[in-house]
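Structure record follows, encoded as structure tokens.
What you are looking at is a predicted structure, and each value in this text was computed from that prediction instead of being measured. Letters A, B, ... mirror the listed sequences (proteins, then strands); counts begin at 1.
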Amino acid sequence: MDKLSVYNSLTRKKELFEPLNPPFVGMYVCGPTVYGNAHLGHARSAITFDIVYRYLLDQGYKVRYVRNITDVGHLVNDADEGESKVEKQARLEQLEPMEVAQRYYNAYTRDMDAMNLLRPGIEPRATGHIPEQIEAVQKILEHGFAYEVNGSVYFDVPKYHEKFQYGKLSGRDLEQILAGSRSDLEGLSEKRHPADFALWKKASPNHIMRWNSPWGEGFPGWHIECTVMSTKYLGPKYDIHGGGMDLLFPHHEAEIAQSNACNCHQPENMQDEAKYWLHNNMITYEGQKMGKSLGNAISLEEFFSGNHPLLAQAYSPLVIRFFILQAHYRSTLDFSNTALQASEKAYKRLNEGLKRLDGIQPEGKVVAVNEAFEQNLRTFLDDCRAYMNDDFNTARVIARMFDALPVVNQLYKAQGKTFAVEQETFRQFRQAFHKVFYDWLGLKAETEEGQQHEVIDGLMKIIIDIRAEARKAKNWALSDKIRDELSALNIKLEDTPNGTDWYYEK
RNA sequence: GGCGACGUGGCCGAGUGGUUAGGCACAGGUCUGCAAAACCUUGUACGGCGGUUCGAGUCCGCCCGUCGCCUCCA
């Protein structure tokens with residue numbers, strides 16, 4: 001494939017990617033709700049669209065990448081009914097809701113930075129766009145696709161369905177939705193139809209996050225923020241909307257409906273918000289879904305530190321990234337310690353290969369061209385491009401890098417004696433490999449700081465053990481020599497009844 | 001039950017109907033005082049049953065199983 005194709009959830013097939021207004025591309029991705037630490041699911045979604053972003057940039061597009069931050073509290077459905085998630089955490093931790101949101105936003109950013117994600121161009125917050133959301137609700141009301149009840153405003157799905165098609169994204173039809181939810185809840189709700197959803201919700205007295213509106217004090221419904229913020233920064237119709245498959249229904253379905261109801265009066269002007277809807281698949285743990293109730297919801301922070309009962313060790317952020325990229329984004333991905341350890345080793349080997357590649361000096365060597373090697377390196381970039389063009393198949397790109405690795409190793413090994421490929425081929429390949437590794441996949445050589453700490457700890461333990469043996473044997477000359485020479489390196493030893501501690505001191 | 005995505009060798013995972021995905025593990029080899037690392041080489045597969053086809057992991061049907069959604073959580 002010499003042109004980029006993407007799988008569009010809206011049409012359920014791969015389509016040639018053709019921006020609405022080249023060279024500009026607008027991309028909106030559903031970001032995190034900042035009331036808790038980011039987990040693998042957040043990582044997968046963010047990394048998936050980081051790849052899309054990077055690749056489009058590399059293709060020369062001017063991309064405006066918007067990823068929202070949901071910091072508006074909404075209702076939970078368990079025992080804490082009536083309290084928003086953000087609020088609930090605030091009470092627990094005696095913090096302001098916005099303080100909670102900021103804290104988890106910071107943590108999210110920290111984790112994403114660690115995995116080498118490019119930051120979006122705009123990260124709009126729902127709470128920063130309340131007036132725009134109110135305005136959008138008003139517009140939808142004016143257009144006759146919503147109704148107000150007791151200070152809340154609901155989207156009128158059946159009314160919308162008369163003119164537009166509700167359910168086109170998720171493949172549902174209204175009758176089925178109605179049939180499925182008719183049994184209970186009816187009558188308890190202010191909604192006229194079970195499929196209707198809130199655009200604006202009246203705040204209960206104890207709801208902290210609240211704003212004035214034409215319908216009284218309240219807060220926006222879940223779906224409206226994305227419609228509003230995408231419209232504000234990307235226009236009523238833009239190129240790509242991304243998110244996890246779990247958001248397909250009802251969130252994205254509702255977004256499409258809101259967008260059409262708000263920005264178009266008639267079906268002939270239908271825009272469906274975005275041209276391409278991209279969805280990444282979910283992550284499981286040893287075949288099971290992740291969830292707090294199952295005890296296997298592991299935060300990224302815990303992966304990075306290894307501080308979780310289910311984790312055998314710590315996994316570096318880039319190993320997590322690499323692991324995620326080894327699968328195609330539309331497949332479910334199962335993780336386990338063995339799977340991650342496999343990725344860790346593979347990633348290490350790739351890094352070693354890259355180091356060797358950078359160390360190879362092709363100049364002035366005897367050339368005895370190996371046709372297979374030559375061919376391998378020459379077709380590398382085109383192969384990788386074809387895989388990326390095929391709906392961002394990073395798994396195949398990585399496999400292709402491993403296919404080239406033996407050649408790199410051979411060239412490295414034979415250096416100084418023979419050089420089995422044309423120098424120009426080699427130079428172009430090296431450049432291409434860098435492009436794929438750094439620019440497309442967003443990988444980078446592991447910083448060895450963390451490893452070095454471990455190494456130093458290990459070294460110190462060995463030294464201290466040797467010294468302990470020397471002291472036991474009353475070999476004071478050796479034990480003092482160890483202490484004095486360490487001291488010269490600003491490493492101080494302190495003998496305690498429980499053993500010997502060490503620390504840095506200038 | 002409905003909608004969607006899937007079920008590939010010991011594990012993770014690509015796969016556009018016809019000849020090797022790849023990684024990890026395992027095995028053999030090179031190197032090595034021994035070992036490790038590194039490098040080289042190799043084996044093991046397509047959930048089940050039918051169907052289409054000269055030929056199916058790849059298309060069609062049914063069955064079984066997994067995951068997500070179907071909630072005013074976002």
Please report, rounded to the nearest Å, how far the [atom2] atom of [N] is from the [atom1] atom of [X].
X: A:E190; N: B:rU71; atom1: CD; atom2: C1'; value: 16 Å
X: A:E352; N: B:rC40; atom1: CD; atom2: P; value: 13 Å
X: A:F402; N: B:rC39; atom1: CZ; atom2: P; value: 10 Å
X: A:H251; N: B:rC72; atom1: NE2; atom2: C1'; value: 15 Å

Query - side chain to side chain donor-acceptor pair (under 3.5 Å) assessment of A:H328 paired with A:Y7 - result: CA-CA 12 Å; A:H328 187 261; A:Y7 183 86; over 6 Å; no
Requested in this report: Describe the nucleic acid contact of A:L333 in one word from base, sugar-phosphate, nothing, applying a heavy-atom distance below 4.0 Å.
Outcome: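 Sugar-phosphate, no base atom in range.
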Side-chain N or O of [X] versus OP1/OP2 of [N]: is the shortest distance under 4.0 Å?
X: A:Y7; N: B:rA5; answer: yes
X: A:K345; N: B:rG23; answer: no
X: A:R349; N: B:rA37; answer: no

Distances under 3.5 Å between protein N/O atoms and the N/O atoms of nucleotides 14-19 of chain B, please, pair by pair.
from: B:rA14; atom 1: OP1; to: A:H328; atom 2: N; distance (Å): 2.9
from: B:rA14; atom 1: OP1; to: A:S331; atom 2: OG; distance (Å): 2.8
from: B:rA14; atom 1: O3'; to: A:N393; atom 2: ND2; distance (Å): 3.1
from: B:rG15; atom 1: OP1; to: A:N393; atom 2: ND2; distance (Å): 2.5

Report task. Just do the salt bridge (charged side-chain N to carboxylate O under 4.0 Å, His left out) check on A:K3 and A:E18 with the steps written out, would you? Result -> CA-CA 10 Å; A:K3 285 187 174 169; A:E18 289 171 321; over 6 Å; no
**Report entry** Residue among A:R396, A:R385, A:K14, A:R330 satisfying salt bridge (Lys or Arg N to Asp or Glu O under 4.0 Å) with A:D390
**Finding:**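 Exactly one candidate clears the test, A:K14.
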Report task. State which of B:rC11, B:rA21, B:rC69 makes the closest approach to the side chain of A:R172. Result ->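 From the listed options, B:rC69 comes nearest.
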Report task. With the side chain of A:P250 defined as its heavy atoms from C-beta on, choose the nearest nucleotide among B:rG22, B:rC70, B:rG23. Result ->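 For the A:P250 side chain, the nearest candidate turns out to be B:rC70.
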